[in-house]
Protein chains: 2
Amino acid sequence: MADDAIERGVKLLRDHGLKVTPQRLVILRYLEKYRNHPNADEIYNALKSRNPSLSKTTVYNTLETMHKQRLVDVLTISESERRYDLRRESHHHFMCQECGRILDIEIACPNCHRIINGEHRVDEVHGYFKGICSECLTKEDKL
Amino acid sequence: MADDAIERGVKLLRDHGLKVTPQRLVILRYLEKYRNHPNADEIYNALKSRNPSLSKTTVYNTLETMHKQRLVDVLTISESERRYDLRRESHHHFMCQECGRILDIEIACPNCHRIINGEHRVDEVHGYFKGICSECLTKEDKL
DNA sequence: GTGGCTGCAAATCATTTGCATATAC
DNA sequence: GTATATGCAAATGATTTGCAGCCAC
């Protein structure tokens, strides 16, 4: 892992009032590097060979802690499992029902946020789109 | 159950190519009457006293079948369970983290749908907002 | 008549919990 | 030194599956 990535991770954790542990750093680094909206199992499996003592409980604990500190978004676009995403400026997600990929959708939706915030206090906004992605469309002619 | 509600249910099922069964009718009727975004368990518990033979498996089967026929929307706004909603013209949902209620949000978001449809084929759009509802805000001063 | 629907019991599997040990600060 | 984090094994709980009998059409 590059030194600057470690430093960045340490700072990110400290800035959010979290203790710095190797497990937290490596999970944060995974999210930052791949940005692939993984579930807990994918994170665990990707990291366990280089971090043999890592437990799945810790993966869950860590992601939950980071979510509470608004460092990580929890996506429920999949009906069967949670997926995690390093938090960044509001964007949305598209899930392909064919290949299962979750793609970032860069759409700002200022209307929605503003209107509803007048009535309730809105802390999280999730835009989930589901269908067939352009790649699968060309492959399989499902247009 | 009112006669016209039954008739409406029968028509709805037939129009969607589904066989008409008492279980399907009563579940449909529940969704139509309460529109409270229930989970499978709530539906089952609400109906079992008047429909003693109803099984939870059938509740799940029925909701899944209706979802496939685009009669019912599956909401994953709650992280721990699916919630169901009779399908109607596109609207969105707000979940109060305090009282747990899921409220309908009547916002049209034409931008989003149009833009993304140029790239992928979009079959479902879900807008999930989370925070504290106005009622809980006044009660507890969490503004 | 038959293909699809129902309901029971058992299985699955993501996530959570209890608790003893280890570690960040 | 102490509060918190980690990791193991066991528990939980929503959803699914296998299968036998039933019913809508």
Specify the angle, to 10°, made by the local axes at the two ends of the helix from C/dG1-D/dC25 to C/dC25-D/dG1 when five pairs are taken at each end.
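So the angle between the two local helix axes works out to 50°.
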
Between protein and nucleotides 22-25 of chain D, what N or O pairs are separated by less than 3.5 Å?
from	atom 1	to	atom 2	distance (Å)
D/dA24	O3'	B/V20	O	3.3
D/dC25	OP1	B/V20	N	2.9
D/dC25	OP2	B/R14	NH2	3.4

DNA chain C-proximal residues of residues 34-60 of chain B, any heavy atom under 4.0 Å
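Heavy-atom cutoff 4.0 Å gives B/S53, B/L54, B/S55, B/T57, B/T58.
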
Among residues 63-85 of chain A, which residues get a heavy atom nearer than 4.0 Å to DNA chain C?
A/S80, A/E81, A/R82

Go through the structure and list residues passing ring-ring contact (aromatic ring centres under 6.0 Å, His included) with B/F94, not counting sequence neighbours.
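B/F94 satisfies ring-ring contact (aromatic ring centres under 6.0 Å, His included) with A/H120 once adjacent residues are dropped.
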
Assigning hydrophobic clusters by single linkage (Ile, Leu, Val, Met, Phe, Trp, Tyr; side-chain heavy-atom cutoff under 4.5 Å), is [X] placed with [Y]?
X	Y	answer
B/Y60	B/L75	no
A/F129	A/M95	no
B/V74	A/I77	no

Any pair counted as salt bridge (charged side-chain N to carboxylate O under 4.0 Å, His left out), so long as it reaches residues 14-28 of chain A, sequence neighbours left out
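Qualifying pairs: A/K11-A/D15.
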
Under 4.5 Å between any side-chain heavy atoms of A/L71 and A/L86, yes or no?
yes

Is there side-chain contact between B/C133 and B/R101, with heavy atoms separated by less than 4.5 Å?
yes

Using 0.5 Å steps for rounding, measure from the CG atom of B/N45 to the CG atom of B/L54.
10.0 Å

Taking only residues at least two apart or on different chains, which pairs with a member in residues 61-74 of chain B satisfy side-chain hydrogen bond (donor to acceptor under 3.5 Å, both in side chains)?
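Residue pairs with at least one partner in residues 61-74 of chain B: B/D73-B/R87.
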
For [X], enumerate each residue passing the side-chain hydrogen bond (donor to acceptor under 3.5 Å, both in side chains) test, keeping only those at least two apart in sequence or located in another chain.
X	answer
B/Y128	B/H126
A/S55	A/T58
B/E106	B/R88

Side-chain donor-acceptor distances from residues 30-39 of chain B under 3.5 Å, at least two apart:
from	atom 1	to	atom 2	distance (Å)
B/Y30	OH	B/N36	ND2	3.2
B/E32	OE1	B/R8	NH2	3.4
B/E32	OE1	B/R29	NH1	3.4
B/E32	OE2	B/R8	NE	2.7
B/E32	OE2	B/R8	NH2	3.1
B/H37	ND1	B/I102	O	3.1
B/H37	NE2	B/H93	NE2	3.4
B/H37	NE2	B/D104	OD1	2.9
B/N39	OD1	B/D41	N	3.2
B/N39	OD1	B/E42	N	2.7
B/N39	ND2	B/E81	OE1	2.9

Can any side-chain N or O of B/K48 pair as donor or acceptor with the backbone N or O of B/K56 at less than 3.5 Å?
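No: the side chain of B/K48 does not pair with the backbone of B/K56.
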
Positional range of nucleotides in DNA chain C within the contact set of chain A, heavy-atom, under 4.0 Å:
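Contact boundaries, 5' end first: C/dA14 to C/dC25.
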
Salt-bridge criterion met for B/E98 and B/K139 (N-O under 4.0 Å):
no

